[in-house]
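Note: hydrogens, waters and symmetry copies are ignored here, and every other heavy atom, side chains too, is used. Protein chains get the first letters and strands the later ones, always in sequence-line order, with residue 1 at the start of each.
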There are 2 protein chains.
Amino acid sequence: MTISEVSEKYGLSPDTLRYYEKAGLIPPVNRKENGIRDYTPEDCGWVEFIKCMRGAGLSIEVLTQYIALYAKGNRTLQKRKNLLVAERDRLQERIEQMQKTLERLNYKIAVYEERIVACEKKLLK
Amino acid sequence: MTISEVSEKYGLSPDTLRYYEKAGLIPPVNRKENGIRDYTPEDCGWVEFIKCMRGAGLSIEVLTQYIALYAKGNRTLQKRKNLLVAERDRLQERIEQMQKTLERLNYKIAVYEERIVACEKKLLK
DNA sequence: GTAATACTTGGAGTTGGCTCCAGGTCAAGC
DNA sequence: GCTTGACCTGGAGCCAACTCCAAGTATTAC
């Protein structure tokens with residue numbers, strides 16, 4: 001699969017895909033003899049994984065660390081798990097905070113609705 | 001209340017508080033005759049509100065718009081409500097996406113735990 | 001064979017959101 | 001009356017995460 005096909009498929013620009021690879025956010029992508037990237041399904045899997053994690057707000061730095069550990073093989077299993085647990089906990093906290101803000105917004109919107117109705121009544125008088 | 005007290009109270013640096021005001025993220029703060037900021041409880045309320053919204057990821061730009069509408073008074077009620085609804089919807093989507101990612105991480109962590117146990121068993125043989 | 005198109009690289013530029021700094025004012029303590 | 005400390009302003013600097021660009025190469029279409 002070419003870079004533009006992968007770009008299309010995941011909604012990430014070719015520049016971003018190259019940047020992710022250069023930064024070590026995904027393992028090195030398979031190449032054709034001439035040096036042109038030829039994404040295997042596995043490469044695509046990494047792209048999808050990283051897109052998902054970035055979408056949830058995990059930093060480039062921490063994802064780079066994860067990939068670096070992955071590249072070192074089985075002896076980093078525990079470290080990788082610890083990293084994932086730490087990020088999971090941080091994500092959970094962020095979600096809880098956002099959930100509270102969501103409820104606050106809902107309340108605020110409800111108050112606005114009341115005020116708007118009250119305003120309209122006044123005008124009709 | 002001085003800027004450093006407000007900074008202390010909400011965990012935002014004085015620089016950030018000044019930046020928020022200059023950017024129109026909070027309405028102009030009350031001043032003493034000599035020009036020094038003297039936050040009223042209402043000013044503090046705005047700081048707290050903006051801190052909460054920024055914490056949930058609402059952009060400076062959209063919050064600035066909200067404050068600008070607020071400054072124009074009652075005739076912007078509907079517009080302000082629309083803005084809040086749009087942001088609420090975006091926030092909800094982000095939360096849902098993050099929730100999915102959280103579950104994915106939990107699954108991944110469970111798989112790691114199994115693999116680590118399997119590895120240990122092998123070593124004990 | 002040459003023009004167009006899709007890729008390559010290294011590196012510079014951009015954006016959002018702060019964060020820091022220089023230079024100045026003012027009130028309080030000695 | 002002079003130092004100290006907290007504040008002020010305008011503007012520069014910084015960081016994360018892209019995004020764009022120039023210069024080069026390879027394949028395809030005619």
**Prompt:** Is any side-chain N of the basic residue among Arg90(A) and Glu87(A) closer than 4.0 Å to the acidic one's carboxylate O?
**Reply:** yes
**Request:** Using atom NZ of Lys22(A) as one end and atom C1' of dT9(C) as the other, report the distance to the nearest whole Å.
**Result:** 7 Å
**Item:** Ile60(A) CD1 - dT19(D) P separation (whole Å)
**Value:** 11 Å
**Asked** In terms of side-chain heavy atoms of Thr16(B), which of dT19(D), dT19(C), dT9(C) is nearest?
**Response** dT19(C)
**Request:** Round to a whole Å and report the spacing from CZ of Arg18(A) to P of dT19(D).
**Result:** 13 Å
**Prompt:** Between Ser59(A) and dA16(D), is there a side-chain N or O to OP1/OP2 distance below 4.0 Å?
**Reply:** no
**Request:** Give the ring-plane orientation class for Tyr112(A) versus Tyr66(B), where under 30° counts as parallel, over 60° as perpendicular and anything between as tilted.
**Result:** perpendicular
**Asked** Between Arg54(B) and dG16(C), is there a side-chain N or O to OP1/OP2 distance below 4.0 Å?
**Response** no
**Fill in**
Separation of dT25(D) atom P from Lys32(A) atom NZ, nearest Å, is 18 Å
**Message:** Restricting to side-chain hydrogen bond (donor to acceptor under 3.5 Å, both in side chains), what partner residues turn up for Thr64(A), sequence neighbours left out?
**Reply:** none
**Selected nucleotide, minimal atom distance to Ser4(B) side chain, candidates dA17(D), dC7(D), dC7(C)** = dC7(D)
**Prompt:** What is the distance from CG of Asn30(A) to P of dC7(C), rounded to the nearest Å?
**Reply:** 16 Å
**Message:** Output the rounded distance in Å from CD (Glu21(A)) to P (dT8(C)).
**Reply:** 9 Å
**Request:** Using atom CG of Asp15(B) as one end and atom C1' of dC14(D) as the other, report the distance to the nearest whole Å.
**Result:** 13 Å
**Asked** Going by heavy atoms closer than 4.0 Å, what residues in residues 35-52 of chain B are next to DNA chain D?
**Response** Gly35(B), Ile36(B), Arg37(B)
**Prompt:** Where the side chain of Asn34(A) is concerned, which of dT19(C), dC7(D), dT27(D) is the nearest nucleotide?
**Reply:** dT27(D)
**Message:** As a test of reading the structure: which of dC7(C), dC7(D), dC18(C) is closest to the side chain of Tyr20(B), going by heavy atoms?
**Reply:** dC18(C)
